[in-house]
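These notes are about the structure you will find just below.
In what follows, chains are A, B, ... by sequence order, proteins preceding strands, each numbered from 1.
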Amino acid sequence: MNSSLKLLVQGVSRVYQDGPRQVEALQPIDLTVDQGEFVTIIGPSGCGKSTLFNIIAGIDEPSSGLVAIDGIAEEPRAGKTGYMLQQPLLLPWRTVEENVMLGLDVRHVRRKEAHQQAHELLKRFGLSEFAQSYPARLSGGMKQRVALLRTVLFNHSFLLLDEPFGALDALTRLSLQMWLLDLWQSFHSSVLFITHDVREAILLSDRIYVLSARPACVRRIIEVELPRPRQQEHLALAQAVRLEQELIALLMKEQQI
Amino acid sequence: MNSSLKLLVQGVSRVYQDGPRQVEALQPIDLTVDQGEFVTIIGPSGCGKSTLFNIIAGIDEPSSGLVAIDGIAEEPRAGKTGYMLQQPLLLPWRTVEENVMLGLDVRHVRRKEAHQQAHELLKRFGLSEFAQSYPARLSGGMKQRVALLRTVLFNHSFLLLDEPFGALDALTRLSLQMWLLDLWQSFHSSVLFITHDVREAILLSDRIYVLSARPACVRRIIEVELPRPRQQEHLALAQAVRLEQELIALLMKEQQI
Amino acid sequence: MKLRWIASYGPAFVLAITLLALWELYVRAGLISATTLPMPTAIAQALFANWDIISVHTLQTLFETVIGLSVAILLGAGLAVLLDLSAWVRRAVYPLLVTSQTIPMVALAPLLVLWFGFDLGPKIIVVALYCFFPIAVACADGLMSTDPDLLKLLQSMRASRWEMLWLVRLPGAMPAFFSGLRIAATYSVTGAIFGEYVAAYQGLGIYMETSYNAHAVVLVFAAIVVTAVLSLLLFGFVSLIERIALPWQQEAQARFRLK
Amino acid sequence: MKLRWIASYGPAFVLAITLLALWELYVRAGLISATTLPMPTAIAQALFANWDIISVHTLQTLFETVIGLSVAILLGAGLAVLLDLSAWVRRAVYPLLVTSQTIPMVALAPLLVLWFGFDLGPKIIVVALYCFFPIAVACADGLMSTDPDLLKLLQSMRASRWEMLWLVRLPGAMPAFFSGLRIAATYSVTGAIFGEYVAAYQGLGIYMETSYNAHAVVLVFAAIVVTAVLSLLLFGFVSLIERIALPWQQEAQARFRLK
Amino acid sequence: QQRSSNAGQNAPTAQKLTPMTLALDWTPNTNHTGIYVALAQHWYRDEGIDLKILPYSSNVSPDTLVSSGKADVGIGSAEGIVADAATGQPVVSIAAIVQHNTSALVTLASSGITRPRDLDGKTYGGFGAPYEAAVVSAIIKKDGGKGVFKNVTLDVDAMEALKSHRIDFVWIYQGWEGIQAEREGMKLNTFYIIKNGIPDYYTPTIITGPHQIKNEPALLRRFMAATSKGYEYARTHVKEAAQMLVDEAPKGAFPDPGLVLASQQYLSPHYADQGRKWGLQDAAAWHGYPGFMLDAGAITDSAGKPIKNMNFDTLYSNEFLP
Ligand SMILES: Nc1ncnc2c1ncn2[C@@H]1O[C@H](COP(=O)(O)OP(=O)(O)OP(=O)(O)O)[C@@H](O)[C@H]1O
Ligand SMILES: Nc1ncnc2c1ncn2[C@@H]1O[C@H](COP(=O)(O)OP(=O)(O)OP(=O)(O)O)[C@@H](O)[C@H]1O
Ligand SMILES: Cc1ncc(C[n+]2csc(CCO)c2C)c(N)n1
Ligand SMILES: [Mg+2]
Ligand SMILES: [Mg+2]
């Protein structure tokens with residue numbers, strides 16, 4: 001096993017039992033994330049992306065196959081990733097700061113220390129002004145930032161981000177993308193990222209896995225060779241535009257509405 | 001007054017009374033839509049776009065200024081537009097066909113005739129298979145199509161579409177954009193369209209109004225001179241890419257998250 | 001489908017049987033006198049032996065319940081529409097409705113008998129007073145929780161207030177109405193029995209009182225069993241009607257379950 | 001803020017006064033005998049004149065109510081956690097809880113008195129039986145309506161079942177718990193009075209009964225007024241506690257209003 | 001069997017029956033036998049009356065029903081009538097059902113309470129009448145006690161409560177609960193009211209209201225004619241009368257018919273003194289006991305103030321007896 005791999009997914013499949021019916025959500029899938037790499041998964045709606053993430057995060061078990069994080073394939077995997085689900089999932093009764101601390105509470109970090117860590121993080125990423133607000137006060141974009149910081153504070157070495165910007169409007173999304181890249185670089189995290197947005201995938205990733213419709217299998221693996229640090233303008237490069245057309249064509253074939 | 005104008009908005013402003021506070025949602029705004037034109041409004045979140053639509057649709061009254069549809073400035077405006085709000089707003093107790101008929105029910109069109117019209121429309125736009133399903137069965141993209149057809153059946157001469165694809169994932173969105181263009185061309189409708197997505201605006205519109213942050217005023221008016229009928233690929237044209245960069249730069253300045 | 005539905009009540013059934021068996025053993029072991037707390041088997045026996053009399057009383061009670069519940073539905077739905085009229089009306093009427101629920105029926109019932117006599121009147125009033133409140137509140141909530149955007153949509157179509165109520169708000173309030181009705185149905189039989197307890201010629205309430213005075217505690221329990229069964233049947237009946245009347249609800253839930 | 005809150009009850013106040021005035025006029029006009037239905041002014045007078053006695057009974061009833069309600073809270077919350085344990089337990093216990101609500105208290109109360117005597121026991125039991133159900137149901141609903149994704153999130157953090165309950169589910173269930181408690185509080189006083197009516201030394205229920213037997217209907221009404229006021233105060237008290245305990249709820253609602 | 005019919009009153013047809021309602025003071029018992037007998041023998045129908053017996057309710061007293069006109073006649077007692085008069089809801093006794101007071105305070109023999117003064121500080125299980133405390137207190141004082149005891153109003157069977165030791169003493173009619181206890185083998189200590197310093201008085205009695213007397217005197221006479229016949233019959237035909245009570249009362253009212261017979265055997269001789277017509281009431285009884293109660297300050301108006309004088313002669317009437 002390659003020890004520089006952050007994540008190794010080998011032949012992982014998943015079959016759901018839905019009453020009498022068997023729902024095959026994942027065909028055997030292979031996938032890797034290197035240390036410090038930003039890898040994106042893109043695929044049609046309902047193809048099984050969240051299912052794969054649940055398995056990696058240790059919430060769900062694969063029907064077959066092997067998952068290794070930092071080269072360790074043994075259970076439990078829970079706690080080894082910073083998992084961010086599709087919605088922000090902030091706790092309305094906790095202030096922003098307390099929300100960011102949630103992971104530390106689960107880890108039984110002492111309160112004072114937790115407060116300090118949360119405080120620092122909020123300050124560093126420009127949210128300290130809202131530290132004492134309740135989430136109900138925040139806009140959608142703000143909430144996603146807080147949720148991202150919570151994820152990072154729990155575990156910044158490996159982030160699983162399930163379509164974190166899916167619910168945001170196109171403009172807010174643009175600014176959060178750059179913010180995420182900033183975060184990623186400050187922490188040298190490894191990231192596995194889900195999106196439906198081809199341009200988002202190109203802008204952020206080192207590598208893109210294109211999945212088929214359900215049951216998902218890997219249709220194509222694409223290396224993105226744009227310069228780092230990335231800028232919005234890189235998307236206008238001929239290389240990026242070509243990649244975009246290619247990905248869209250590929251995905252439209254998979255899409256059944 | 002120019003009689004070929006579908007819509008004329010002149011000096012329309014709106015101030016909300018929120019308890020003791022006055023919230024200025026719209027600065028005086030001028031805007032026109034020609035017969036058969038596809039005009040898009042783009043602007044940051046909360047700038048007052050829906051407020052403007054409510055005024056045009058006759059749900060709300062402007063604090064000052066004039067709105068004329070087909071050259072008629074007199075009240076009431078309600079009933080003169082096909083207004084589609086941000087969510088699909090399908091009635092869960094009506095089947096797809098009955099939902100599409102809603103506007104005809106309000107207009108007291110005879111049931112049989114209404115059924116027939118709805119049926120034809122569904123067939124023409126490839127949804128007859130779902131005519132007897134309840135909305136709970138449909139995917140998000142399906143729901144938006146049904147809502148669009150309902151809007152068109154009520155009034156196809158002038159459509160007000162408030163971010164109809166905002167809640168859809170990026171891939172579904174792509175196919176619905178083409179479907180909308182098809183609809184627009186079959187009915188020779190005039191369309192006023194809201195979006196946050198710069199590329200969507202470029203792909204669909206003849207003209208784009210860029211609004212400022214709240215209180216909204218018109219920052220820029222941009223004519224889109226791409227060939228018709230539009231294709232996804234047109235977005236890769238140098239002209240389109242330049243427009244995109246320009247719009248993003250413009251909007252990023254307005255955006256405060 | 002049907003089978004699965006029955007199976008889903010299995011655990012409740014098992015638990016109920018277990019509790020009854022424990023009760024039976026407790027009494028049989030002599031830990032409490034059988035005249036104070038009769039055994040379940042004795043209750044069942046008494047129920048069968050006296051079914052001819054009990055059934056007459058049961059029909060009477062059911063009759064009162066159904067009429068009272070119907071009145072409660074009309075009253076509750078009417079009040080809901082009233083509450084929905086305007087925020088002003090709501091602020092005026094709602095606190096009074098809440099207050100009406102704090103009046104102890106036990107003190108009011110004798111007065112009702114004096115005012116309205118021994119016949120159906122007081123029982124219907126008691127049932128209606130018991131039941132109108134959950135219906136009115138649920139129904140008003142249902143009406144008011146209509147998506148304001150939906151109303152905007154209809155406004156943009158130039159729909160009248162009446163069309164909005166008829167096309168959008170009333171159908172949308174139906175699930176809430178039914179959940180209020182289900183609560184009301186559960187309590188309605190108890191209400192009728194209470195009404196009878198105060199004064200009646202016939203009905204399970206008066207049967208309980210007479211049995212009690214005749215030291216036939218076992219018959220009191222038999223009547224309690226009938227009451228509970230009646231209430232549950234009414235509850236089930238309302239659920240059934242809902243399933244039939246709102247087929248779309250079904251699908252929405254099934255969809256929800258799948259997710 | 002406070003002023004606006006008071007003003008919002010203005011319409012209810014006006015309506016209540018109007019209704020009372022109509023009632024007064026109706027009786028004064030001789031359309032009904034004042035011994036059958038006393039006038040509001042007479043009730044108020046009687047209330048003041050007998051306040052020394054009534055206050056003693058009121059305190060007794062309040063005492064029973066508060067203890068009974070506390071028991072109901074413990075029982076209700078405990079049952080909610082039990083219901084929440086697993087789908088199997090839920091399916092077993094829930095139908096029995098519903099059934100428990102269909103047992104006519106009026107038939108059970110005399111037995112409770114024989115089993116538990118005339119002191120606090122039966123009253124507390126009656127109040128608890130009246131009140132535990134809305135608390136348990138609301139609280140269980142609250143616990144179960146936790147966003148499953150939130151639980152997934154905590155699972156991915158390797159939180160224990162207990163931590164999930166403590167960090168996420170219990171705080172999330174608090175609004176539901178309070179709305180259940182508010183309903184329970186509204187009915188609790190009535191429950192205590194019912195318990196007293198069956199057999200007691202002291203309390204508003206027994207005061208009503210003796211007043212009634214002494215043909216002092218006006219005192220019965222005075223006691224009814226006290227009951228209603230007590231219930232509403234308890235209702236208000238619960239709302240107050242909720243405001244203090246859940247400040248974030250406040251903001252969420254304010255935000256909602258703005259929208 | 002030949003039925004006698006009153007002269008001048010031809011048996012009316014069914015349509016002409018006048019409806020009448022009677023409110024009971026308790027679940028059916030031998031105090032009510034005469035009425036059930038008259039029903040069973042169709043004597044009310046023969047008098048042109050369709051009598052409906054209202055079921056007993058512990059929540060609404062017969063006095064209230066009669067004085068409010070919800071019932072035409074009812075079963076009451078002298079002290080109830082006095083209390084009603086004091087509180088402005090007058091009712092009138094039109095017949096004494098039992099000639100001498102057979103009511104008593106009883107305790108469990110095992111309680112060790114052997115005389116009224118031992119009742120001090122004990123718990124009394126009452127039926128919620130306003131006069132109970134005064135009478136009980138007077139009895140205790142007569143025996144040298146302080147007259148202080150705990151008063152619980154029961155909505156439950158008093159004898160059951162006594163058995164369960166939840167209370168120490170109750171007030172019963174010897175002819176019903178007394179006999180019942182004997183049959184159940186319950187050992188009681190019995191303190192008869194009239195053997196403990198309280199003047200004799202009529203209980204139970206048949207009551208009606210001033211309105212009914214003013215508006216329907218003839219109807220009341222017809223009612224009393226049939227009722228009186230019923231009680232006279234019950235005096236002499238113990239077994240048959242007991243059976244008629246069992247048959248006419250709602251089903252399930254008497255799980256132990258033997259009790260009815262035993263009680264009837266006890267009570268039939270008490271309905272009236274030897275050689276005297278059933279139902280007659282004497283002025284002496286109507287002055288003795290109420291006078292005693294007034295003097296004791298036990299009678300209060302609805303505001304709770306003691307009443308000092310009252311015209312007792314308006315409280316009863318023999319004029320409706322045949
Ligand atoms: N517990 C379950 N039981 C049965 N089927 C399930 C279950 N969870 C998910 N599925 C099905 O598995 C498929 C994949 O679901 P999943 O949520 O992984 O898709 P996804 O790719 O994340 O979709 P989206 O892009 O909409 O988030 C879907 O068709 C879904 O209906
Ligand atoms: N009834 C109202 N009272 C007070 N303020 C309001 C009201 N309706 C809207 N506003 C405010 O007016 C502003 C404009 O609202 P509007 O809904 O028109 O924005 P929008 O451009 O459609 O936003 P989005 O892109 O999020 O749909 C917002 O700041 C909103 O808070
Ligand atoms: C069977 C029978 N038992 C007890 C009472 C109650 N009660 C009412 S008055 C009275 C005695 C004094 O008059 C008693 C014991 C009753 N009515 N009938
Ligand atoms: Mg997903
Ligand atoms: Mg908007």
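In terms of non-hydrogen atom pairs under 4.5 Å with chain D, the most contact-rich of C:Ile193, C:Leu19, C:Leu96 is C:Leu96. Comparing D:Ala12, D:Pro95, D:Ser100 by heavy-atom pairs within less than 4.5 Å of chain C, the highest count is held by D:Ala12. Ranked by heavy-atom pairs under 4.5 Å with chain D, the first of C:Ser188, C:Pro11, C:Ala228, C:Pro148 is C:Pro11.
Both the backbone and the side chain of D:Val93 come within contact range of chain C, judged by heavy atoms closer than 4.5 Å. For chain D, the nearby part of C:Phe221 is the side chain; its heavy atoms alone come within less than 4.5 Å. If you measure heavy-atom distances from D:Tyr94 to chain C, you find no contacts under 4.5 Å at all. Only the side chain of C:Val217 comes within contact range of chain D, judged by heavy atoms closer than 4.5 Å.
Side chains of C:Tyr197 and C:Met208 form a contact here, defined as non-hydrogen atoms less than 4.5 Å apart. Side-chain contact check for D:Trp23 versus D:Ile43: some heavy-atom pair is nearer than 4.5 Å. Looking at heavy atoms from C-beta onward, C:Leu129 lies out of side-chain contact with C:Val126 at the 4.5 angstrom threshold. Within the 4.5 Å cutoff, no side-chain heavy atoms of C:Thr210 are placed close to those of C:Leu219. Within the 4.5 Å cutoff, side-chain heavy atoms of C:Asp84 are placed close to those of C:Met144. Between D:Leu22 and D:Tyr26 there is no side-chain heavy-atom pair separated by less than 4.5 Å. For the pair C:Trp115/D:Leu37, a side-chain contact is recorded, criterion being any heavy-atom separation below 4.5 Å from C-beta on. Between C:Glu242 and C:Arg182 there is a side-chain heavy-atom pair separated by less than 4.5 Å.
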Enumerate donor-acceptor pairs with a distance under 3.5 Å from any side-chain N or O in residues 132-140 of chain C to protein atoms, sequence neighbours excluded.
none

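Residues of residues 101-112 of chain C having a heavy atom under 4.5 Å from any heavy atom of chain D, listed by number: C:Gln101, C:Thr102, C:Ile103, C:Pro104, C:Met105, C:Val106, C:Ala107, C:Leu108, C:Pro110, C:Leu111. The stretch residues 229-236 of chain D places D:Ser231, D:Leu232 near chain C, each with some heavy atom under 4.5 Å from a heavy atom of that chain.
Proximity of a side-chain donor or acceptor of C:Lys123 to a complementary backbone N or O of C:Phe194 within less than 3.5 Å is not detected. Although no hydrogens or angles enter the test, the distance criterion places a donor-acceptor pair under 3.5 Å between the side chain of D:Glu196 and the main chain of D:Gly205. Side-chain atoms of D:Thr61 come within 3.5 Å of backbone N or O of D:Leu204 as a donor-acceptor pair.
The side chain to side chain donor-acceptor pair (under 3.5 Å) search around D:Asp147 returns none, not counting sequence neighbours.
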